[in-house]
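Throughout, numbering of the chain's residues begins at 1 and tracks the sequence. Side chains included, hydrogens not; waters and symmetry mates left out as well; all remaining heavy atoms used.
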Amino acid sequence: MKSINKVFCTIVLFITITFSVCAQISIDPSDDFYELVQEWEIRGLVRDLPPMRPYPVNNIQEILQNVIKRGNEEDVKTAIEYWQKITGKAWNINVSGKAVGNLSKTDGDKEFEKLFILSPNLNGDFFLYKDLISIGYKLGITARTKENEGTFLPYAINSGYDARQDAVDAGPFYAYIDINNGVAIGNRDIFVQAGINRTGYGSFFGDGIALNETDYHSANVAISFLKEKWSYVQQYSAIGATTSYDGTGLAPDKFMAFHAFEYRFSKHFSVAYYENIIYGNRFDLSYFLPVPYMAAQGIGGNKDNLQMGLTFKIKPFDSLEWVTDVLVDDIEVDKLIKLDADGKNRFALKTGIFYAPNSFCSLVNFNYTAITPYTYSHWEYDGPNTGSISSGIYNYQNYTNNGVHIGSPYEPNSDIFSFNIRFRPVKNFKLNFETSFMRHANIVESDSDSEAIRYLLASPGTYATDGTIHTHSMYAGGSDGEHVKTAWEQLNFLNQDTKMYVIKAGLSAEYTFPKFKMGLLSLNMGYTFEYIRNKGVDANMYPGQGSKLTDNGDGTFTLGSSTYTQAELVRHFKDIWKANLYDVVNNYFTIGMSFTF
């Protein structure tokens, strides 16, 4: 396989150097175009948008036509430029690259690291058969120096590249195939999309709690219906399974189904209901059907991972919008009826205000997110009829794709306050400022001593106790496993003694020069400050000791040459966990360019 990759990488590099590249808008939901669409929609220039990003070329053209009819002079110029992009050449060549540095300071020690990334690609959008079929594609590679990219990403920020496996070793670089594509068939009202790409849903770009466009790409097929008062989308995706313990490795046969129905009562108010379900190791026709997944999963014994959500949009007037999104993973209705929230209530809530003034300040957004413990998490047994959990088992049910969060990039048992403001002071110049404050705690700190001992006695690599999406609320046992009592009976949302705090503030700028004969040049740069207090909260508190730990049967335990009571042993490991916490300041610098021939 690596020899094939090497030949492919060589061909793409040759094409890039030899020929004289345009954005593949219909397959990249993170393209700047979708930020513009959000601003236009809030201002009332466009309505009835497709429920899922990215959009087919037909719908992109309709959006641009509406902006040209209703927008101001700058809106019209921008819309015409995008129209020229998608109706121009069917192929383009783009070369983009960036240099990233991180100056970090820990306990007085400073360290500077740097990373270089080069991404040449062939891309484009075009029609076939008189606007019936549209195709978008990006065929390229990503080459980066051999440092760990995660070192250069602030907390809870995902990589922007779909290039992770089977690298070609090219001197100081690792080179990866980086491909996305999509085909749309239909008209503006009813269409089917299929391809390998990222997808996004909802108003919170890059930070949605249901489908987040910064997740790793997947193989998707979706059908959308778009009417004046309502819309419906159903998507089926093949995603990557990783190990249950820490999200490493990669295996096939993990699937996700998602559908959403939105009804617009008026231009000022709409409600959407959505469901998604994650499962694996089998084909299930019921999730292809436009039926409630809650009922469909009952056919197989309610063994799959189901979430449901509601989104409310309130627009009191053009330029102002309030959006609230609630995703429910599990909920104890009987307790809530009694106004008792202290129970197995696993949900994510995101609410925010968007203001899009018609000025050089194009968007202001303030939002709040809360993710309760164990949300997005799910356990995986050795088989459908056993309650055993083995080390190294792959998880076909948690809310990840290739180890990346499908929903919010933040871990369970967190809340986040975020503020973002975008400026477009002059043509072709974009300035973005964002800041956030996050709290996160490890839910395992709330476990009783008897629960903690279960983790310690397990084989290494069986149970994660880091409080992340990999931390289960079930033990092995019996035919259906055994509940972690505190997880099943208590909420424990951010009431732990030890918390991690993350403060971030970033400024980024991008300028696109006027088009000249050879092509189009864009330059970008950015700086992000990050302070993390108590880094390491998301490390394993009670790592499995296996044969190294002996239960003496009299209430004492032997580890190495030492004997402990249950409480002493639990405190011993908790003290080690706390001793490894530290504070760190990161300064991320980015400078990049993109040239389209």
Side-chain angles (χ1 to χ4, degrees), residues 19-41 45-71 74-96 119 121-140 179-200 205 213 220 222 224 226 424 427-428 430 510 512-516 519-522 594-597:
F19 294 92
S20 291
V21 158
C22 180
Q24 57 290 346
I25 303 169
S26 67
I27 60 164
D28 183 5
S30 297
D31 190 275
D32 287 350
F33 171 77
Y34 295 96
E35 289 186 354
L36 282 168
V37 172
Q38 181 186 41
E39 296 165 14
W40 290 334
E41 190 272 337
L45 300 183
V46 295
R47 302 187 185 94
D48 309 334
L49 298 174
M52 187 85 74
R53 297 181 296 274
Y55 304 153
V57 178
N58 264 328
N59 297 83
I60 293 172
Q61 287 187 333
E62 183 181 43
I63 289 167
L64 296 176
Q65 289 169 349
N66 286 329
V67 173
I68 291 171
K69 292 177 184 177
R70 303 169 183 165
E74 289 303 314
D75 296 325
V76 172
K77 288 181 180 178
T78 301
I80 290 173
E81 288 177 358
Y82 272 100
W83 184 276
Q84 292 171 342
K85 285 183 180 182
I86 63 173
T87 59
K89 292 188 301 181
W91 62 271
N92 305 272
I93 298 176
N94 173 265
V95 183
S96 62
S119 298
N121 64 78
L122 180 71
N123 67 63
D125 298 287
F126 63 92
F127 276 120
L128 292 176
Y129 300 110
K130 297 183 179 180
D131 299 357
L132 177 64
I133 301 174
S134 65
I135 297 174
Y137 66 94
K138 183 186 81 170
L139 177 68
I179 292 176
N180 284 290
N181 56 67
V183 177
I185 304 174
N187 57 36
R188 293 172 175 82
D189 298 329
I190 304 173
F191 51 87
V192 176
Q193 293 171 281
I196 297 178
N197 56 278
R198 301 185 181 199
T199 57
F205 287 8
E213 49 268 275
N220 308 296
S224 298
L226 185 61
R424 303 183 192 273
K427 182 176 173 56
N428 296 333
K430 183 178 72 170
E510 181 177 6
T512 301
F513 291 89
K515 190 173 183 180
F516 55 99
L520 195 65
L521 174 66
S522 294
S594 175
F595 195 88
T596 301
F597 293 89

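- Counting heavy atoms from C-beta outward, Arg424 and Glu39 have side chains that approach closer than 4.5 Å.
- For OH of Tyr129, the number of neighbouring non-hydrogen atoms (other residues, nucleotides, ligands) closer than 6.0 Å is 12 at most.
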Check: Which is it for Asn180 and Asp28 under the side chain to side chain contact (heavy atoms under 4.5 Å, CB included) test, yes or no, and what are the steps along the way?
Finding: CA-CA 8 Å; Asn180 284 290; Asp28 183 5; over 6 Å; no
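- The salt bridge (charged side-chain N to carboxylate O under 4.0 Å, His left out) check on Asp32 picks up Lys430, with sequence neighbours excluded.
- Two residues are said to be in side-chain contact when any heavy atoms from C-beta on lie closer than 4.5 Å; Tyr55 and Tyr34 meet this criterion.
- How far OG of Ser26 is from NZ of Lys138: 13.0 Å, rounded to the nearest 0.5 Å.
- The minimum heavy-atom distance linking Val76 with Val67 is given by the pair CG2-O, 4.0 Å.
- The shortest heavy-atom contact between Pro50 and Phe191 is CB-CZ, 4.1 Å.
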Checklist line | Criterion ring pair (Phe, Tyr, Trp, His ring centres under 6.0 Å) on Phe33 and Tyr82, from CA distance to verdict | finding: CA-CA 8 Å; Phe33 171 77; Tyr82 272 100; 5.3 Å; yes
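- Between Glu62 and Asn58 the shortest side-chain heavy-atom distance does not fall below 4.5 Å.
- In this structure, OG in Ser134 is found 9.5 Å from CD1 in Ile86, a value given to the nearest 0.5 Å.
- A 4.5 Å side-chain heavy-atom check between Met52 and Asn220 finds every atom pair outside the cut-off.
- For the atom pair CD1 (Ile80) and CG (Asp75), the distance works out to 11.0 Å, reported to the nearest 0.5 Å.
- Separating the NZ atom in Lys85 from the CD1 atom in Ile60 is a distance of 11.5 Å, to the nearest 0.5 Å.
- Side-chain contact check for Lys77 versus Glu74: some heavy-atom pair is nearer than 4.5 Å.
- Looking at Gln193, its side chain does come within 3.5 Å of a backbone N or O of Pro54 through a donor-acceptor pair.
- Here the closest non-hydrogen pair linking Phe205 and Glu35 is CE2-N, 3.8 Å.
- Separation of atoms CG (Leu122) and CG (Asn92) is listed at 8.0 Å; rounding is to 0.5 Å.
- When Glu81, Lys515, Glu510 are each tested for a side chain to side chain contact (heavy atoms under 4.5 Å, CB included) with Asn428, only one passes: Glu81.
- Summarising the geometry of Ala90 relative to Tyr137, their closest heavy-atom pair is O-OH, 2.8 Å, with the distance given to 0.1 Å.
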Note to self: Set out, in order, the CA-CA distance, both residues' side-chain angles and the distance that settles side chain to side chain contact (heavy atoms under 4.5 Å, CB included) for Phe597 and Val95, then state yes or no.
What the structure shows: CA-CA 9 Å; Phe597 293 89; Val95 183; 4.2 Å; yes
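- Annotation for Arg188 and Leu226: closest pair O-CD2, 3.9 Å, computed over non-hydrogen atoms.
- Across all their heavy atoms, Asn187 and Asn59 have their closest contact at O-OD1, 4.5 Å.
- One finds the CD1 atom of Ile27 at 10.0 Å from the CD1 atom of Ile179 (value rounded to the nearest 0.5 Å).
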Check: Would Trp40 and Leu64 satisfy side chain to side chain contact (heavy atoms under 4.5 Å, CB included), going step by step from the backbone distance to the final call?
Finding: CA-CA 10 Å; Trp40 290 334; Leu64 296 176; 4.2 Å; yes
